[in-house]
Amino acid sequence: MSAPVRSRHALAAVLRLFMQTGGRRMWLGAVLAFATLVAGMALLGLSGWFITATALAGLASGAALAFNVFMPSAGIRLLALGRTAGRYAERVVTHDATLAVLAALRERLLRGWARPLAARALLRRPARLLFRLTQDIDALESIYLRVLVPAATAFGAALLAAGVLGALDARLGAAAFAWMLGCGGGTALFAARRARAAALRRALATERLRAQAIDLVAGQTELAMAGQLPAQCRGIARTDARLARADDELHRIDTRCGWLQSMGWHLGVACVLLSVGALAGAGVLGAPLAALALLTALAAQEPLQALRRGALEAGRSLLAARRLAPRLVDPPPEPQAPCARRGMPGGEAAACLAGVEAGGTPAAAPLLRGIDLRVAPGERVALAGASGAGKSTLLSLVAGELPARAGIVQAWPCTWLTQRTELFQDSIRDNLRLAHPAATDDQLWAALQASGLADDVRRLAHGLDTRLGEGGLGLSGGQARRLALARLLLHPAGFWLLDEPTEGLDGPTARDVLARLDRHAAHKTLLIATHLRREARLADRLVVMAHGRVVAQHRRGTASFDAALQALRTH
C-alpha cells in the first residue's frame, strides 16, 4: 500500500475517533464559526449599503426625510454584537471540543501502548511515547481547528456570497462562486502539496532535536567521560540547522501562497467591482446594492487566511495520524485460538500453561519452549535459574504482557512486582492509588504500615501529599521498594507475581521485606522469579529453569527441594 493511501486511511480512522468523542461539540463549533462569518459578511455588506444609501438620500431633502436610518443602524449594532459574541462562543466551543478529544485520544493511546509487546517495544525507545503523547497528539488539533472548520466556513462563505451576487445577477453569482472556490481552495491545495515535504522534515527534525537534547541533559556525565560531549553538541547543532532550513522553506511557501491568494482575490474583487458598476450603469441595480455586493464579496475572503495556514500544517498532521492510528484504533477481537489468553477467576488453577512457546522475534527461535506448568490457588511457586533462563519472560506471559506463540496460557488476574520499582513524579498518595484508585487514606496508611514505611512517611512534612521526584527521587532504595510493596498490598488481585522482590536491597531490609510479604500473602497465590535462596524459601514448590525450559520441579519437604534450595545464591 502506498504512503498516500495509508495516510488517507489513517486520517479517516482519526476523524472517526474525533466524531465519536466530540461529535456534537464539533458540529456546534462549526455552526458557530459559520454563523459568525455570516454576521461579519452581513455587517460589512449592510454597512456599505447604509453608508451609500444615506449619502444618496442626503442629496435630496425629500429623500432624506423619507429615509429610515433607525432600522439599518439597529441592524448594524445587532450584527456587530452578534459577531463579537459568536466569535467568542466559537473559539470557546471549538477549542474545548478539540482539547476534550485530544485528552481522550491520549488515554486511548496509552491503552494502545499497554497492549502485549507494545510496552516492550516502547522500552527500547522510551522517548517515542512522549513525542506521540505530546507532539503528535497536538498536531492532530490542526485537522479540526485549522482545516475542517476553515474549509467548511470558506465553502459557506463562497456559497453565501454567490447567493447574494446571484440575486443581483445569476451570471455574476456563478462566476463569483467558481472564482472563490478556485482562488481559496486552489491556493490551499497548492500550499498543502508544496509544504508537505518541508512540514515532514520539520516534524522529524523537531523530534530528533528533542531526543538529542534529552540525551545531552540526562547523559552529560557519561558523554563527558566517553569524550563524546562535543560530538553530541555538534549533532544537536546540525539538527537545529535542518530545522531552521525547514522553517525557512515553510515561510517562503507561505509568503508565495499568500501573495498568490492576495493577487487572485484582488483581481476577483476588481472584477466584481467592474461587474456591479456595469449593472449600476445599466440601471439594473442602484448604488447601495452595488456597494452591498462589493463588500459582501470582499468579506468572503476572511476564512481563506486560516485555511491556508492549516494547509501548511497538513503534512505534519497527516504524519501524526499515520503514526498514531494503529495504536488509537481498537484491534479486532481475537479468535479463540489454542494460544489465546483467558481469565479464569473461578477455574481450578491460578495459572495453567501447556506446550507454550513464547518470546523472541518471529524470525528467531522462541525464548520459552515446551513450558508445561500449573499453579494451584493458594500455592507458592518459585522459578529458579540463572539469568537468561526465561524466568521474567514466563512472568510476562502469565501477566499478559507477552503473547504466546504456541500453546495454551490461562491465568487469573494478577498484580506484578517487577525488579525495577516504578514510581512517578507525583505525590505518595497518587503513587499508591495507582493500585487502588478508590482507596481511602485509612487504607493507604494501613498499606504503608504493613510495608514498614508508615513511620517514614509520617516524618515527612506533607505526609501522603509529599511529592516525589522523577523515578521516586527523594526516597532511598529500600523506601522505594517498601512503597512498591505497599502498592502491591493495596491491589485487590489474589495472584501475585514477584520478580526478584529484594534485588539490590541490603540484608536487613531484604529480610524485613520478605517477612512482610510472607505475613500478608497468607491467602494469596505467589509466582516468584528468583535466583536467591532467601526469596525461594517463601515457596512451596521450586521450579528450576534453564535455557527457556523447565528442567526440574521440587516440592517442599523433599530432599531434592532442600538440595535445590542450597544450590541457590545467598546474596
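Keep in mind it's a predicted model, so treat the numbers as computed, not measured.
Of the residues Leu527, Leu514, Leu517, the one that meets the side chain to side chain contact (heavy atoms under 4.5 Å, CB included) test with Leu498 is Leu517. With respect to Asp136, the salt bridge (Lys or Arg N to Asp or Glu O under 4.0 Å) criterion is satisfied by exactly one of Arg316, Arg322, Arg323: Arg323. Screening Val375, Ile408, Val398 for a side chain to side chain contact (heavy atoms under 4.5 Å, CB included) involving Leu353 leaves a single residue, Val398. Under the side chain to side chain contact (heavy atoms under 4.5 Å, CB included) rule, Val381 has a single partner from Val543, Thr525, Ile528, which is Val543.
To the nearest 0.5 Å, atoms CD (Glu535) and OG1 (Thr502) are separated by 3.5 Å. To the nearest 0.5 Å, the span separating CD on Glu500 from OG on Ser392 amounts to 6.0 Å. The CG atom of Leu464 lies 6.0 Å from the CG atom of Leu448; values are rounded to the nearest 0.5 Å. Atom-to-atom distance recorded for Arg202:CZ and Glu249:CD is 12.5 Å, nearest 0.5 angstrom. To the nearest 0.5 Å, atoms CG (Leu383) and CG (Leu395) are separated by 6.0 Å. Separation of atoms CZ (Arg245) and CG (Asp240) is listed at 10.0 Å; rounding is to 0.5 Å.
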For Leu490 and Leu444, what are the C-alpha separation, side-chain angles and deciding distance, and is it a side chain to side chain contact (heavy atoms under 4.5 Å, CB included)?
CA-CA 8 Å; Leu490 272 174; Leu444 299 183; 3.5 Å; yes
Show your reasoning for whether side chain to side chain contact (heavy atoms under 4.5 Å, CB included) applies to Phe424 and Leu434.
CA-CA 10 Å; Phe424 299 91; Leu434 288 172; 3.5 Å; yes
Start with the C-alpha distance between Thr509 and Asp506, add both sets of side-chain angles, then the distance that settles side-chain hydrogen bond (donor to acceptor under 3.5 Å, both in side chains), and finish with yes or no.
CA-CA 6 Å; Thr509 304; Asp506 60 83; 3.0 Å; yes
Between Arg369 and Val356, is the side chain to side chain contact (heavy atoms under 4.5 Å, CB included) condition met? List the steps.
CA-CA 6 Å; Arg369 299 180 297 277; Val356 171; over 6 Å; no
Should Val544 and Gln553 be marked as a side chain to side chain contact (heavy atoms under 4.5 Å, CB included) after you check the CA-CA gap, both sets of side-chain angles, and the distance that decides it?
CA-CA 6 Å; Val544 182; Gln553 299 191 45; over 6 Å; no
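No more than 12 heavy atoms of other residues, nucleotides or ligands shown are found within 6.0 angstrom of CZ on Arg208. Heavy-atom contacts from other residues, nucleotides or ligands closer than 6.0 Å to CZ of Arg556 number more than 12.
Here the side chain of Ser427 pairs no donor or acceptor atom with the backbone of Thr466 at under 3.5 angstrom. Looking only at distances, no side-chain donor or acceptor of Lys391 sits under 3.5 Å from a matching main-chain atom of Asp499. The closest donor-acceptor contact from the side chain of Glu313 to the backbone of Gly310 lies at 3.5 Å or more, if one exists at all. Glu107 places no side-chain N or O within donor-acceptor distance of the main-chain N or O of Ala104, the cut-off being under 3.5 Å. Under the 3.5 Å distance criterion, the side-chain polar atoms of Arg482 are matched with a main-chain donor or acceptor of Ser451. With hydrogens and angles ignored, the 3.5 Å screen pairs no side-chain donor or acceptor of Gln425 with any backbone N or O of Leu473.
Gln449 and Ala454 get closest at one heavy-atom pair: OE1-CB, 3.3 Å. A pairwise comparison of heavy atoms in Gly315 and Arg196 identifies CA-CG, 4.1 Å as the closest pair. Counting all heavy atoms, side chain and backbone alike, His491 lies closest to Ala435 at CD2-O, 3.6 Å. Closest approach of Ala246 to Ala198, counting heavy atoms only: CB-O, 3.8 Å. Residues Arg534 and Gly507 approach most closely at NH1-CA, 4.5 Å, considering heavy atoms. When every heavy atom of Ala191 is checked against every heavy atom of Ile253, the shortest pair comes out as O-CG2, 4.3 Å.
Cation-pi geometry between Arg380 and Trp496 is not met: the NZ or CZ atom fails to fall both under 6.0 Å from the ring centre and inside 45° of the normal.
Annotation: side-chain hydrogen bond (donor to acceptor under 3.5 Å, both in side chains) contacts of Asp138 (sequence neighbours excluded): Arg106. Taking Ser560 as the reference, His554, Thr558 meet the side-chain hydrogen bond (donor to acceptor under 3.5 Å, both in side chains) condition, with sequence neighbours excluded. Scored by the side-chain contact (heavy atoms from CB on, under 4.5 Å) test, Arg533 finds Arg537, Leu565, Gln566, Leu568, Thr570 as partners (sequence neighbours excluded). Applying the side-chain hydrogen bond (donor to acceptor under 3.5 Å, both in side chains) test to Asp540 and every residue at least two apart in sequence or in another chain returns nothing.
In this structure, Tyr144 and Val101 have side chains that are not in contact, with every pair of non-hydrogen atoms separated by 4.5 Å or more. With a 4.5 Å cut-off on side-chain heavy atoms, Leu488 and Trp416 do not count as touching. Side-chain contact between Leu538 and Thr530: absent, with no pair of heavy atoms (C-beta onward) separated by less than 4.5 Å. Annotation: side chain of Arg516 is in contact with side chain of Arg519 (closest heavy-atom distance under 4.5 Å). Using a 4.5 Å heavy-atom cutoff, the side chains of Leu368 and Arg405 are not in contact. Considering only heavy atoms from C-beta on, Asp426 comes within 4.5 Å of Arg467 through its side chain. In this structure the side chain of Ile371 reaches within 4.5 angstrom of the side chain of Leu394, judged on heavy atoms. At a threshold of 4.5 Å between non-hydrogen side-chain atoms, the residues Leu397 and Glu357 do not count as touching.
Applying the side-chain hydrogen bond (donor to acceptor under 3.5 Å, both in side chains) test to pairs two or more places apart or on separate chains, none has a residue in residues 228-238.
Taking a cutoff of 4.0 Å between a charged side-chain nitrogen and a carboxylate oxygen, Asp456 and Arg459 qualify as a salt bridge. Using a 4.0 Å cut-off between charged nitrogen and carboxylate oxygen, Arg146 and Glu141 count as a salt-bridge pair. A salt bridge links Glu379 with Arg555: at least one charged nitrogen is closer than 4.0 Å to a carboxylate oxygen. Between Arg429 and Asp441 there is a salt bridge, with a side-chain nitrogen of the basic residue lying less than 4.0 Å from a carboxylate oxygen of the acidic one.
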Can I get a per-line list of side-chain donor-acceptor pairs under 3.5 Å for residues 210-218, giving both atom names and the distance, sequence neighbours left out?
unit_1, atom_1, unit_2, atom_2, d
Gln212, OE1, Thr239, OG1, 2.6

